[in-house]
Structures are given as C-alpha cells and as structure tokens.
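Report on one structure; see the data block that follows.
Just so you know, ligand 1 is whichever comes first in the structure, and atom 1 is the first atom listed for that ligand. Sequential numbering from 1 along the given sequence is applied to the chain's residues.
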Amino acid sequence: MNDFTFYSPTYFVFGKNKESETGKYVKRFGGTKVLLHFGGGSVVKSGLLDSVKKSLEAESITYLELGGVKPNPRSGLVYKGIDLCRSEKIDFVLAVGGGSTIDSAKAIAAGAVYEGDFWDFYQGLPITKALPVGTILTIAAAGSEGSPDSVITNEEGMYKRGASGEAIRPAFSILNPELTMTLPPFQTACGATDIMAHVFERYFTNTKEVEVTDRFCEAVLLTMIKEVPIVVANPLDYEARANIMWAGMVAHNNLCGVGRDQDWASHDIEHELSAVYDCAHGAGLAVVFPAWMKYVYQHDVMRFAKIACRVWGCEMDYDYPENTALEGISRLRSFLKSIGMPLNFEELGALEKDIDKMAETACYGNGRTGEIGGFVKLKKEDVINIYKLML
Ligand code: NZQ
Ligand code: ZN
C-alpha cells in the first residue's frame with residue numbers, strides 16, 4: 001500500500017425530508033448571504049427549491065438565485081456566478097441538484113475569491129481557497145457531494161476538464177434518497193454507471209497488497225449490481241435508492257482509492273464524448289469502460305480475473321485466467337445493457353469521423369503532454385484504438 005493522507009470533512013445529513021434543515025446547516029458553516037444555484041428546472045418542478053428557500057428564510061438567510069446549469073456544465077454560467085458573488089458580497093454557495101450543478105457551484109466558489117481567471121484551476125492549478133459550498137443532492141452519480149473535484153466545459157474550445165482542491169470539498173451535503181425518485185430510469189442508470197466507473201478507476205491499479213480497498217471497491221460494486229435493477233424497475237423503492245445514494249458518495253470521496261495508484265484514462269476518454277456530443281457522462285462511460293478493459297486487460301490478467309470472480313460471480317479458469325477475465329468484461333456489458341445503457345458509438349450518437357480529433361484532445365488538449373492513464377499509460381494511438389473498439 002502507498003502512503004497517503006485522507007481528510008474528508010464534509011458533514012453528511014442523510015434521510016427523508018432533511019432538506020428542510022438546509023438553513024440550519026448554512027448558518028452552522030458560516031453562510032449569511034447565499035448564491036442558490038440549480039439546473040434546468042427539475043428542482044423547481046419537484047418543489048425542492050421552494051422547500052430550500054423556506055428553510056433559508058426561517059433562519060433569516062438572504063439568497064440570490066442562479067439557475068440554468070446544463071448537464072456537462074459550461075464556463076459561461078460560472079463567470080456569471082463569479083460576478084454575482086463579487087458584486088453581491090455572497091459568502092456561501094448552495095447547490096441544489098446533481099453533479100453538474102454542484103461542479104458549477106464549486107467553480108464559482110473558487111473563482112469568486114481568486115483574482116485570475118477561474119479556468120487556471122482547470123489547467124492544473126490546485127484550488128486552495130474558495131467560498132464554502134453546501135449541496136442538496138438530487139441524483140446519485142458523480143459523487144461531487146463528497147469529492148474535492150469539479151468538472152467544467154470551457155465553451156472556448158469545448159474542453160471538458162477537472163479541477164481539484166480540498167477547499168471545494170462541500171462543507172455539508174444533504175442526501176435525501178426520496179429526492180432521487182423523480183429521476184427517469186435512463187438518468188438513474190447513467191448515474192449508476194458513473195458510480196461503478198469511479199470504482200473501476202480505482203480498482204485497476206499497479207499497487208500491490210491493497211486488500212482492504214479492493215474489498216471496499218467490491219462491496220460498492222456488488223451493492224450496485226443488486227440495487228440498480230430494483231430502482232430501474234421500481235423508481236420509488238426507498239431502500240434501494242438509499243443504498244445507491246450512499247454508494248455514490250463512498251465510490252468517489254476516495255475511501256476506496258487511498259493508498260493505491262489509480263487510472264482515470266476512461267474518464268478522460270469519456271469527457272471527450274460528453275464534450276463533443278453533450279451525452280450524459282454515465283452513458284459515455286458505459287460505452288468506454290468495456291472497450292478500455294478489452295484493450296488493457298492483458299496488462300494484469302489476474303486483476304481482471306479477480307474482479308470477474310469476486311464481483312461478477314465467474315468461476316476461475318486456472319489454466320486460462322484470460323478466459324475468466326474476458327468473461328467478467330462480458331458480464332459487465334450484459335449488466336449495462338440490462339439497465340438500458342448504450343454499448344457502442346451508434347447507440348450513443350457518436351461518430352467515427354471524430355475519433356482522431358477526440359484522441360488528440362484527450363492526449364494533448366488544454367496543456368496535456370501526450371499520455372493519459374495510471375494503470376496503463378495510453379498514447380494517442382492507443383486512445384484511437386480504444387475508440388475504434390466502441391464502433
Ligand atoms: O438540470 P435539471 O433540470 O436539474 O435536470 C437534471 C439533468 O438533466 C436531471 N436531474 C437531476 N436530478 C433529478 C433530475 N431529474 C429529475 N429528478 C431528479 N431528482 O438529470 C440530468 C443530469 O444531471 P447532472 O447534474 O448532469 O448529473 P450528474 O450528477 O451525473 O453530473 C454529471 C456531471 O458531473 C461530472 C460529469 O462529467 C458531468 O459533467 N463529474 C463530476 C465529478 C466530480 N465533481 O467529482 C466526477 C465525475 O466523474 C464526473 O466527471
Ligand atoms: Zn464519473
């Protein structure tokens with residue numbers, strides 16, 4: 001196991017109707033004037049935004065609203081939010097929605113107290129200072145409610161890139177599984193795929209002797225395999241929603257990833273797809289991950305065979321562990337198909353003619369130096385080959 005530090009100080013409030021306590025938590029974490037940030041309208045329609053406003057008013061907290069965050073959030077609205085925070089002397093950013101809204105809120109919170117262009121953070125500058133951020137989560141997916149990360153698409157060049165820093169880990173996150181019940185099955189499945197992907201990015205490692213985090217990873221994956229079909233069939237199943245919601249947090253606050261090298265090439269490869277085609281991140285990952293696995297499994301056949309047995313219930317073929325590894329990948333594909341995810345370029349709406357450009361941007365765009373991935377280092381030619389496996 002590698003050395004590590006782990007500090008994950010988000011205050012989680014989990015359960016039914018907990019959004020009615022939002023005002024109390026904003027106050028507790030120092031907010032007096034709030035930027036209330038949300039997406040394209042689901043929280044207006046569900047009445048969640050009104051409950052949150054009432055809760056703020058009950059604590060005499062003033063707020064300004066900024067809605068309109070799009071999935072795959074854009075830089076334009078971030079700049080607008082930063083200007084608002086500065087001109088209105090906002091001291092707390094509250095995100096009500098999914099990963100896109102939370103990531104946009106984090107970018108605004110960091111940009112508001114930084115003199116330069118907030119995009120510097122998305123070119124590698126660590127975020128060391130930000131306004132406090134709180135979240136009320138409405139979709140189990142990105143894990144942004146517990147992560148120190150934010151992913152934004154720069155409209156100049158359509159670069160989709162991530163930034164990181166402990167300063168943007170949310171001060172508090174309210175997780176009420178009931179709020180996810182209005183999600184259409186497709187969005188639920190996209191979120192689930194993203195959660196599983198966050199585990200895969202950590203599971204495939206070159207670090208030896210990481211049994212405890214391997215087992216955490218496997219527990220999250222087994223939970224998803226059990227619970228996701230339940231909510232796809234019955235969106236109102238509270239217990240399954242609750243398990244998935246917490247799995248989404250655990251998958252990405254790095255509990256499963258400390259002490260080990262991680263990969264993240266599949267996320268880089270997917271981010272090109274969601275930047276170019278504006279597809280849901282989880283849907284993109286469903287297409288990318290099996291292709292990436294097929295391309296790299298020979299790098300460590302036994303690790304792929306291990307996940308196949310422990311997670312996908314395969315029998316180990318000791319003579320030909322390669323067969324076990326491939327069977328595991330095939331079972332992942334079948335699972336993704338069973339929950340309604342796309343499995344190839346056509347189903348995703350992606351085009352072969354864009355492969356070269358996407359591979360170029362993934363490896364060289366926005367200051368990258370030609371290689372992505374930690375488990376297996378990939379060059380542009382490899383990324384092209386992986387995209388081709390998705391055709
Ligand atoms: O905009 P509204 O109207 O709210 O609709 C959203 C949106 O259309 C809808 N939705 C959310 N909750 C709902 C709901 N509809 C009905 N009922 C509800 N309860 O779902 C759609 C997707 O929302 P979005 O916030 O985009 O989803 P998600 O949480 O999957 O976030 C995706 C973004 O997070 C990034 C992705 O790249 C993508 O941009 N990621 C962020 C990470 C992080 N910050 O740590 C890590 C991830 O790997 C990921 O890259
Ligand atoms: Zn993701």
Side-chain angles (χ1 to χ4, degrees), residues 10 19 37-49 67-75 77 95-107 110 121-122 127 133 135-154 159-165 168-170 173 175-202 231 235-236 241 244-245 248-249 251-254 257 262-275 278-286 288-289:
T10 303
E19 64 278 9
H37 203 33
F38 54 97
S42 74
V43 301
V44 178
K45 205 168 140 201
S46 67
L48 172 62
L49 196 68
V69 181
K70 290 188 180 145
N72 306 316
R74 311 296 152 91
S75 51
L77 197 65
V96 188
S100 295
T101 298
I102 299 173
D103 286 1
S104 182
K106 288 173 169 178
F121 300 124
Y122 296 77
I127 301 175
V133 174
T135 87
I136 298 141
L137 185 66
T138 61
I139 172 171
S144 192
E145 67 277 13
S147 84
D149 311 314
S150 158
V151 181
I152 299 291
T153 301
N154 192 333
Y159 291 120
K160 186 173 182 184
R161 291 292 185 265
S164 266
I168 55 165
R169 216 187 264 268
S173 282
L175 275 58
N176 172 0
E178 284 183 319
L179 297 177
T180 66
M181 288 179 181
T182 50
L183 280 165
F186 178 75
Q187 281 297 344
T188 299
C190 287
T193 306
D194 193 18
I195 293 171
M196 294 175 80
H198 293 161
V199 176
F200 295 142
E201 298 284 17
R202 294 173 165 94
V231 293
L236 303 182
R241 289 277 188 198
I244 293 171
M245 200 167 205
M249 205 301 291
H252 199 44
N253 84 329
N254 217 20
Q262 304 180 13
D263 189 67
W264 296 98
S266 298
H267 266 68
D268 288 338
I269 293 171
E270 190 295 314
H271 283 162
E272 297 312 318
L273 294 170
S274 45
D278 208 12
C279 59
H281 171 58
L285 287 167
V288 172
F289 247 106

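For ligand 1, the polar-atom distance check finds no N/O of W264 at less than 3.5 Å from any of the ligand's N/O atoms. When only interatomic distances are considered, the shortest N/O to N/O separation between G143 and ligand 1 does not fall below 3.5 Å. Ligand 1 has no nitrogen or oxygen under 3.5 angstrom from a nitrogen or oxygen of I139. When only interatomic distances are considered, the shortest N/O to N/O separation between S42 and ligand 1 falls below 3.5 Å. In terms of N/O distances under 3.5 Å, ligand 1 is not approached by T180. For a threshold of 3.5 Å applied to N or O pairs, the pair formed by T101 and ligand 1 contains no separation below that value.
Remark: ligand 1 atoms within the under-4.0 Å shell around heavy atoms of K160 are 36 (C), 37 (O), 38 (C), 39 (O). Residue P73 approaches ligand 1 through these ligand atoms, each under 4.0 Å from one of its heavy atoms: 39 (O).
Between the side chains of S75 and Y122, not a single donor N or O lies within less than 3.5 Å of an accepting N or O. A donor atom on one side chain and an acceptor atom on the other are found under 3.5 Å apart for R241 and T188. Remark: the S274 side chain and the E270 side chain contain an N/O donor-acceptor pair separated by less than 3.5 Å. A donor-acceptor contact closer than 3.5 angstrom is absent between the side chains of S147 and N253.
For atom 7 (C) of ligand 1, the nearest non-hydrogen atom from the set P71, A95, G67 belongs to P71.
A salt bridge links D278 to R74: one of the charged nitrogens lies within less than 4.0 Å of a carboxylate oxygen.
Tested against T101, the residues I139, V69, I136 include a single side-chain contact (heavy atoms from CB on, under 4.5 Å) partner, V69.
The N, O or S atom of D194 with the smallest distance to the Zn ion (ligand 2) is OD1.
When NE2 of H198 and NE2 of H281 are joined through the Zn ion (ligand 2), the resulting angle is 170° to the nearest 10°.
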